[in-house]
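Following: one structure in structure tokens, then a few remarks.
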2 protein chains.
Amino acid sequence: MSPLVKIRSERDRMSAVERRIADFILENAQLLRDYSSQQLANALGISQSSVVKFTQKLGFRGYPDLKFSVGETIARSENGDGGAPSAPIPASEGSSAVATLWRRKTEAEEATRLINAPESLDATVAALARAGANGRVFIIGLGEDDLYARGFALKLSLLGILAVHSFDASRMASNVSAAKPGDVLLVFSEHGRHPALYKIARFFHERRGQVVTVTRHTLNPLRTIADIALVVSAHDEQPHVQSLVYQSSLQHLLDGLFMRLCEEDDDRHAQLVANLERIGQMLEP
Amino acid sequence: MSPLVKIRSERDRMSAVERRIADFILENAQLLRDYSSQQLANALGISQSSVVKFTQKLGFRGYPDLKFSVGETIARSENGDGGAPSAPIPASEGSSAVATLWRRKTEAEEATRLINAPESLDATVAALARAGANGRVFIIGLGEDDLYARGFALKLSLLGILAVHSFDASRMASNVSAAKPGDVLLVFSEHGRHPALYKIARFFHERRGQVVTVTRHTLNPLRTIADIALVVSAHDEQPHVQSLVYQSSLQHLLDGLFMRLCEEDDDRHAQLVANLERIGQMLEP
DNA sequence: ACCGCGGTCAATAATTTATGCTTCGGCCAT
DNA sequence: ATGGCCGAAGCATAAATTATTGACCGCGGT
């Protein structure tokens with residue numbers, strides 16, 4: 001039971017001095033943090049031992065125990081209330097625009113988690129695993145998307161899944177011409193409107209390769225021809241902020257895929273650990 | 001800041017004994033309630049004074065103060081997890097590992113915000129603005145860091161700040177040989193241990209260029225020669241998770257810089273809007 | 001009036017926390 | 001190499017906080 005509730009409930013049965021202690025604590029619970037038993041006694045003009053006996057009668061191990069419990073309760077209730085007094089957390093954060101960005105990112109990452117069915121993620125992981133072992137993985141993205149394509153290809157290679165990465169549509173077109181059933185193509189395109197990517201994806205699909213698209217959560221041409229369509233949520237009034245939010249959510253989605261890949265297979269995980277160690281060693285000597 | 005986040009963010013800079021204290025507290029925060037500083041010291045086989053000094057270094061008034069703060073935090077988080085059925089966390093429970101990743105990212109981004117002095121960020125923004133107008137900006141990063149170097153260079157170009165980007169140390173070395181006072185070099189290096197980058201940075205510094213390093217929040221060679229050292233906090237037991245967390249925090253730091261650059265100057269902001277529109281048009285027809 | 005009883009306090013014991021001092025080991029410049 | 005410097009860690013101890021003891025007081029019941 002909360003110490004404050006306990007104090008209140010016993011208040012009626014208390015002696016005069018005890019009641020003054022009880023009232024003080026109930027009124028100034030948040031000040032307790034900075035009071036020793038002696039200071040509390042001074043504040044009330046009573047002896048320190050009375051304070052200690054008070055706490056023991058209530059069933060606490062001693063004064064520090066009561067103090068600790070009250071602290072916990074305050075913390076809990078502040079959290080529940082929303083922390084009215086300490087609310088200016090965003091205000092304290094230097095630039096409020098950064099705080100807004102942070103909030104948008106958080107919202108968007110959560111939304112992104114929710115709009116991608118676990119089955120889609122599992123299917124993607126399975127496809128990548130299969131293609132990594134028996135086929136090929138192709139990855140493409142243009143412009144800013146290229147950075148994420150590149151990053152994901154790098155991560156896959158750590159897991160022992162080699163990916164053909166390209167930031168050039170025409171080169172990728174020729175790479176893809178050798179596609180076989182079982183291969184996987186991962187296309188990153190925020191707006192899903194790039195004609196060249198659309199063509200590549202459709203060609204790949206016709207060759208019975210599996211096409212996974214990663215786009216904004218809109219209706220766009222690219223999604224329509226995907227075998228698996230992963231989507232990213234991201235919104236803000238200002239375009240440049242929205243762009244940051246998109247990238248953050250995209251990264252989070254990819255990190256989720258990566259984690260699933262790691263967990264799904266012990267061998268792969270072992271390979272990852274080995275690779276990381278090898279990289280670490282290359283930097284040391 | 002939560003005491004646990006604070007401890008985690010400082011962990012890298014700690015000595016061996018301090019790190020053991022930090023780990024113990026992070027692992028057994030809920031046990032702290034019943035531990036005196038002496039008991040904690042015994043549990044770790046170290047001296048009681050080391051425990052007290054540890055707490056003081058972290059900015060607490062002493063051991064009881066730390067204990068109290070940790071108690072508050074535990075209480076708050078217990079309330080958050082168990083009491084209120086706040087949807088986001090359970091919703092993310094497709095894989096608990098992803099939930100952990102999310103938590104680590106959040107902590108690390110918060111810690112990263114706190115360990116970079118606003119003055120450092122402002123100074124970086126000012127340096128980039130000046131060099132963008134009258135001098136040159138050089139950006140380099142190797143391996144995974146290259147992706148972020150590349151991404152940031154791209155963002156700067158949207159703001160009308162052209163940056164010389166390179167993922168090749170030897171090429172960058174020759175680029176840098178033309179460095180003049182007022183130029184800025186931005187070096188991304190998670191561990192700050194790459195000898196080639198160190199040499200480039202030092203050469204640049206000698207030519208009176210301004211060196212901005214972005215590294216993990218550790219003591220590393222690169223930081224020591226920086227005019228401005230930006231740092232990133234990121235921790236997890238599993239190396240591959242830690243790597244994801246690092247990248248996420250790094251991105252957040254860079255996003256913060258970008259936002260400041262946008263806000264600081266209306267002309268630049270206008271240019272950004274214009275560039276975004278131009279890009280949008282290129283995709284439409 | 002006298003005893004018992006609960007309550008309070010001052011004095012003090014016990015525990016806990018904080019600090020001063022010393023030693024040790026790594027690091028840098030000579 | 002060598003001497004000096006600095007930080008880390010421990011030991012001893014001071015300071016503080018907390019807990020206990022025993023004496024005193026007022027009050028109600030016998």
Side-chain angles (χ1 to χ4, degrees), chain A residues 3 7 10-25 28-29 31-72 284, chain B residues 3 6-7 10-25 28-29 31-72 192-193 195 198 202 217-225:
Chain A
I7 290 172
E10 298 285 342
R11 199 190 103 95
D12 287 342
R13 279 185 272 280
M14 293 176 182
S15 70
V17 168
E18 287 170 338
R19 200 166 306 167
R20 284 175 58 208
I21 302 175
D23 290 342
F24 184 91
I25 294 178
N28 311 310
L31 292 184
L32 216 59
R33 178 177 184 135
D34 303 311
Y35 275 52
S36 69
S37 63
Q38 182 65 67
Q39 286 174 301
L40 176 53
N42 291 343
L44 293 169
I46 61 176
S47 76
Q48 179 257 347
S49 60
S50 294
V51 174
V52 174
K53 294 191 84 173
F54 171 85
T55 65
Q56 291 171 332
K57 267 193 195 173
L58 282 163
F60 296 93
R61 284 201 304 251
Y63 177 76
D65 192 27
L66 167 70
K67 188 164 154 176
F68 195 97
S69 293
V70 171
E72 285 180 323
E284 282 310 320
Chain B
K6 182 180 293 184
I7 290 172
E10 296 288 343
R11 204 191 97 98
D12 279 345
R13 291 145 103 47
M14 293 177 183
S15 67
V17 167
E18 288 171 336
R19 200 167 306 165
R20 285 175 55 209
I21 302 175
D23 290 342
F24 184 91
I25 294 177
N28 312 319
L31 292 185
L32 214 60
R33 178 177 186 137
D34 304 312
Y35 275 53
S36 67
S37 62
Q38 182 65 67
Q39 286 173 300
L40 175 53
N42 290 342
L44 293 168
I46 62 176
S47 75
Q48 179 257 345
S49 61
S50 293
V51 174
V52 173
K53 285 169 186 168
F54 171 84
T55 64
Q56 290 172 333
K57 265 194 199 173
L58 282 163
F60 296 93
R61 286 201 302 254
Y63 178 76
D65 192 28
L66 167 69
K67 188 164 153 178
F68 196 95
S69 293
V70 170
E72 285 179 324
R193 302 203 172 284
Y198 180 80
R202 206 168 58 177
H217 184 216
T218 52
L219 293 173
N220 60 64
L222 204 51
R223 269 184 76 177
T224 60
I225 51 167

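Residue numbers start from 1 in every chain, and the chains themselves are labelled A, B, ... in the order their sequence lines are given, proteins ahead of strands.
Remark: C1' of dT19(C) and CZ of Arg61(B) are 18 Å apart, rounded to the nearest angstrom. Atom CD1 of Ile21(A) and atom P of dG7(C) are 12 Å apart (whole Å). Atom-to-atom, CD of Gln56(B) to P of dG20(C) comes out at 10 Å; the value is rounded to the nearest Å. Computed from coordinates, the Met14(A) CE to dG6(C) C1' distance equals 15 Å when rounded to whole Å. Rounded to whole Å, the distance from CZ on Arg20(B) to P on dA8(D) is 16 Å. Regarding Leu32(A), its CG atom lies at a distance of 10 Å from the P atom of dT18(D), rounded to whole Å. Computed from coordinates, the Lys67(A) NZ to dT16(C) P distance equals 15 Å when rounded to whole Å. Nucleotide dT18(D) holds its P atom 15 Å from the CZ atom of Phe68(A), rounded to whole Å.
One donor-acceptor pair, N or O on each side, does fall under 3.5 Å between the base of dG10(D) and the side chain of Lys53(B). Taking only distance into account, the side chain of Gln48(B) meets the base of dA18(C) through a donor-acceptor pair shorter than 3.5 Å.
Without hydrogens or angle criteria, Arg20(B) side chain to Leu44(B) main chain gives a donor-acceptor distance under 3.5 Å.
Among the nucleotides dA9(D), dC9(C), dT17(C), the one closest to any side-chain atom of Ser37(B) is dT17(C). Looking at the side chain of Tyr63(A), the nearest of the listed nucleotides dT17(C), dT8(C), dA19(D) is dA19(D). Comparing dG10(D), dT18(D), dT16(C) against the side chain of Ser47(B) picks out dG10(D) as the nearest. Nearest to the side chain of Ile46(A), among dG10(D), dA18(C), dC9(C), sits dC9(C).
Considering only side-chain N and O atoms, Ser50(A) lies under 4.0 angstrom from the phosphate OP1 or OP2 of dC9(C). Residue Ser15(B) has no polar side-chain atom (N or O) positioned under 4.0 Å from OP1 or OP2 of dA8(D).
Going from atom CD of Glu10(B) over to atom CG of Asp12(B) covers 9.5 Å, rounded to the nearest 0.5 Å.
With a 4.5 Å cut-off on side-chain heavy atoms, Asp34(B) and Phe68(A) do not count as touching.
For Arg33(B) and Ser69(A), the side-chain atoms include at least one donor-acceptor pair closer than 3.5 Å.
Nearer the 5' end of DNA chain C, as judged by each residue's closest nucleotide, is the contact made by Arg13(A), out of Arg13(A) and Ser49(A).
Between Phe24(B) and Tyr35(B), the angle of the ring planes lies from 30° to 60°, which puts this pair in the tilted group.
Across all strands, Lys57(A) comes closer than 4.0 Å only to sugar-phosphate atoms, never to a base (heavy-atom distances).
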